[in-house]
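Just so it is clear: chains get the letters A, B, ... in the order the sequence lines come, proteins before strands, and each one is counted from 1.
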There are 2 protein chains.
Amino acid sequence: MPETTAAFTEHDHAACQSKALAYVIAQCEAKGLRLTEARRRVLEILLESHTALGAYEVLQRLNTEGYSAQPPIAYRALDFLVEHGFVHKVERISAFVACHFPGQCNAPAFLICRSCRSVAETRDARPAEPLSKDAAAMRFAIEDTNVEAEGLCQSCQSEEGA
Amino acid sequence: MPETTAAFTEHDHAACQSKALAYVIAQCEAKGLRLTEARRRVLEILLESHTALGAYEVLQRLNTEGYSAQPPIAYRALDFLVEHGFVHKVERISAFVACHFPGQCNAPAFLICRSCRSVAETRDARPAEPLSKDAAAMRFAIEDTNVEAEGLCQSCQSEEGA
DNA sequence: TCGATATTGTTATAAGATAACATATCAATT
DNA sequence: AATTGATATGTTATCTTATAACAATATCGA
């Protein structure tokens with residue numbers, strides 16, 4: 001298996017989930033960040049799967065779970081989680097996915113299935129490197145990058161063919 | 001100069017513009033595509049600068065130029081132009097920028113200035129390659145990619161420092 | 001000219017995101 | 001424990017981005 005998340009492969013998801021959560025808890029303690037209830041719930045919702053969820057989907061989940069909330073609650077929690085690298089925003093589909101490379105995720109890249117919205121995150125790719133060479137040449141100061149590929153995962157390819 | 005557009009460097013923009021327009025016209029003739037008035041106007045608006053414009057900014061430009069239109073007009077024209085590779089959508093800022101590498105633009109990558117919204121497009125970078133290796137390993141079929149870096153261009157860095 | 005296809009015009013609304021401000025909680029110090 | 005400054009939440013309203021739906025029109029080949 002390449003150095004990617006297990007999004008499109010079988011794996012022990014319970015372990016995957018609890019490892020990521022434990023990492024976030026530890027990081028928050030170490031850095032004095034407050035993993036409040038809203039933030040933690042949002043993170044847990046995202047950790048349940050390797051699927052990207054829109055802010056309003058997260059919000060709906062919060063509401064059905066008895067945490068009655070308005071949009072800003074979800075967006076603020078997501079902003080916090082994204083800011084600290086615990087969650088990534090997948091720009092292409094305006095959705096959010098939990099980071100599954102706790103502590104090893106500098107420049108994430110994503111494979112996004114347009115059918116099931118599963119998102120695989122890769123960490124060995126260094127896709128923005130040629131870009132940084134060009135950036136340096138024109139004195140452009142890169143602050144953040146997005147690398148996203150959309151397509152069909154294996155199982156959704158089968159279903160389309162069916 | 002690296003193989004990027006001249007967005008952040010001085011250049012003969014009139015030539016830049018007319019070359020791109022001529023290419024689109026030729027391509028449309030060759031492929032039997034219809035470069036209608038709305039589509040052409042939208043393209044010309046985007047070609048005026050290396051700045052990315054939101055759909056509603058384009059729409060406003062259309063309206064001030066006497067082409068009274070509602071949002072779908074702009075979105076349809078943009079969809080057409082994007083579909084055929086004449087314009088790119090910069091997902092990170094939900095905005096559109098004309099392609100300045102007529103005919104040589106397979107997997108574009110962008111440097112986006114968060115201050116002036118100028119967008120430089122590079123074509124020599126092949127940033128999605130490591131990603132495609134991973135994709136192949138998990139039988140993920142990539143259909144389209146985005147590579148975007150946000151930051152500050154040289155002149156906006158100077159201004160922030162001032 | 002007919003008919004199929006593609007495009008435009010228009011209204012309405014869906015979906016995504018944030019501004020603004022009041023209230024509450026936390027945590028460090030007195 | 002009380003004070004206080006900073007941080008986070010609750011809530012309303014609104015803004016921005018994008019599309020659904022359908023009628024009217026234009027284009028092009030048979």
Side-chain angles (χ1 to χ4, degrees), chain A residues 24-25 28-43 45-46 51-63 65-84 86-97 112 114 117 146 148 150, chain B residues 24 28-43 45-46 52-63 65-84 86-97 112 114 117 146 148 150:
Chain A
V24 172
I25 291 171
C28 286
E29 288 207 357
K31 295 186 182 171
L33 303 173
R34 289 163 61 188
L35 189 62
T36 60
E37 190 188 1
R39 292 167 178 175
R40 181 174 176 140
R41 284 204 180 189
V42 168
L43 176 62
I45 287 167
L46 291 177
T51 301
L53 297 179
Y56 280 73
E57 289 178 285
V58 169
L59 186 59
Q60 204 175 341
R61 283 288 312 276
L62 285 174
N63 283 323
E65 286 174 11
Y67 189 124
S68 180
Q70 296 298 315
I73 300 295
Y75 278 103
R76 293 198 281 233
L78 289 166
D79 286 349
F80 169 87
L81 294 167
V82 168
E83 183 185 346
H84 299 289
F86 305 140
V87 162
H88 301 296
K89 178 168 187 189
V90 186
E91 298 288 347
R92 216 179 149 99
I93 55 174
S94 295
F96 300 84
V97 67
I112 308 152
R114 67 170 155 79
R117 299 243 285 187
N146 284 92
E148 306 176 358
E150 192 163 357
Chain B
V24 172
C28 287
E29 288 208 354
K31 296 186 180 170
L33 303 174
R34 290 164 58 189
L35 189 62
T36 61
E37 190 188 3
R39 292 167 177 174
R40 181 174 177 141
R41 284 204 180 189
V42 168
L43 176 63
I45 286 167
L46 290 177
L53 297 180
Y56 280 73
E57 288 177 286
V58 170
L59 185 59
Q60 203 175 340
R61 282 288 312 275
L62 286 174
N63 284 324
E65 286 174 12
Y67 188 122
S68 180
Q70 296 298 314
I73 299 296
Y75 278 102
R76 286 170 187 153
L78 289 166
D79 286 349
F80 169 87
L81 295 166
V82 168
E83 184 187 346
H84 295 100
F86 305 141
V87 161
H88 302 296
K89 179 167 185 188
V90 185
E91 299 288 347
R92 220 183 144 98
I93 55 174
S94 296
F96 301 84
V97 66
I112 308 152
R114 69 170 154 78
R117 298 243 286 188
N146 285 93
E148 306 177 357
E150 192 163 356

Heavy atoms from other residues, nucleotides or ligands near CD of Gln60(A) exceed 12 (cutoff 6.0 Å)
no
Once you round it to whole Å, what is the distance between P of dT17(D) and CG of Leu53(B)?
11 Å
Using atom CZ of Arg34(A) as one end and atom C1' of dG5(D) as the other, report the distance to the nearest whole Å.
12 Å
Between Leu33(B) and Phe80(B), does the side chain to side chain contact (heavy atoms under 4.5 Å, CB included) criterion hold? Intermediate values first, please.
CA-CA 10 Å; Leu33(B) 303 174; Phe80(B) 169 87; 4.0 Å; yes
Whole angstrom value for the distance that separates P of dT16(D) from CG of Leu59(B):
13 Å
Does the Asn146(B) side chain pair with the main chain of Val90(B), one donor and one acceptor, at a distance under 3.5 Å?
no
Got a second to check how far Glu150(A)'s CD is from Ile93(A)'s CD1, nearest 0.5 Å?
7.0 Å
Separation between CG of Leu78(B) and CG of Leu43(B), rounded to the nearest 0.5 Å
10.0 Å
Span of DNA chain C, from the first to the last nucleotide whose atoms fall under 4.0 Å of chain B heavy atoms:
dA6(C) to dT11(C)
Grab the CD-P distance between Glu83(A) and dT7(D) for me, whole Å please.
12 Å
Rounded to the nearest 0.5 Å, how far does CG of Leu59(B) lie from OH of Tyr67(B)?
10.5 Å
Remember a base hit wins even if backbone is also touched, and classify Tyr67(B) as base, sugar-phosphate or nothing at under 4.0 Å, heavy atoms.
sugar-phosphate
Residues in residues 69-77 of chain A with a heavy atom under 4.0 Å of DNA chain D, by number, are Gln70(A), Pro72(A), Ile73(A), Arg76(A)
Tell me: CD1 of Ile93(B) to C1' of dT17(D), nearest whole Å?
13 Å
Under 3.5 Å, side chain of Arg39(A) to main-chain N/O of Arg34(A), donor-acceptor pair present?
yes
Could you check how far CG of Leu78(A) sits from P of dT9(D), rounded to whole Å?
12 Å
Could you check how far OH of Tyr56(A) sits from P of dA18(D), rounded to whole Å?
15 Å
Taking atom P of dC28(D) as reference, at what distance in whole Å does atom CD of Glu29(B) sit?
12 Å
Check Arg92(A) with Glu148(A), please: is the shortest side-chain N to carboxylate O separation under 4.0 Å?
no
All side chain to side chain contact (heavy atoms under 4.5 Å, CB included) counterparts of Arg76(A), not counting sequence neighbours:
Pro72(A), Ile73(A)
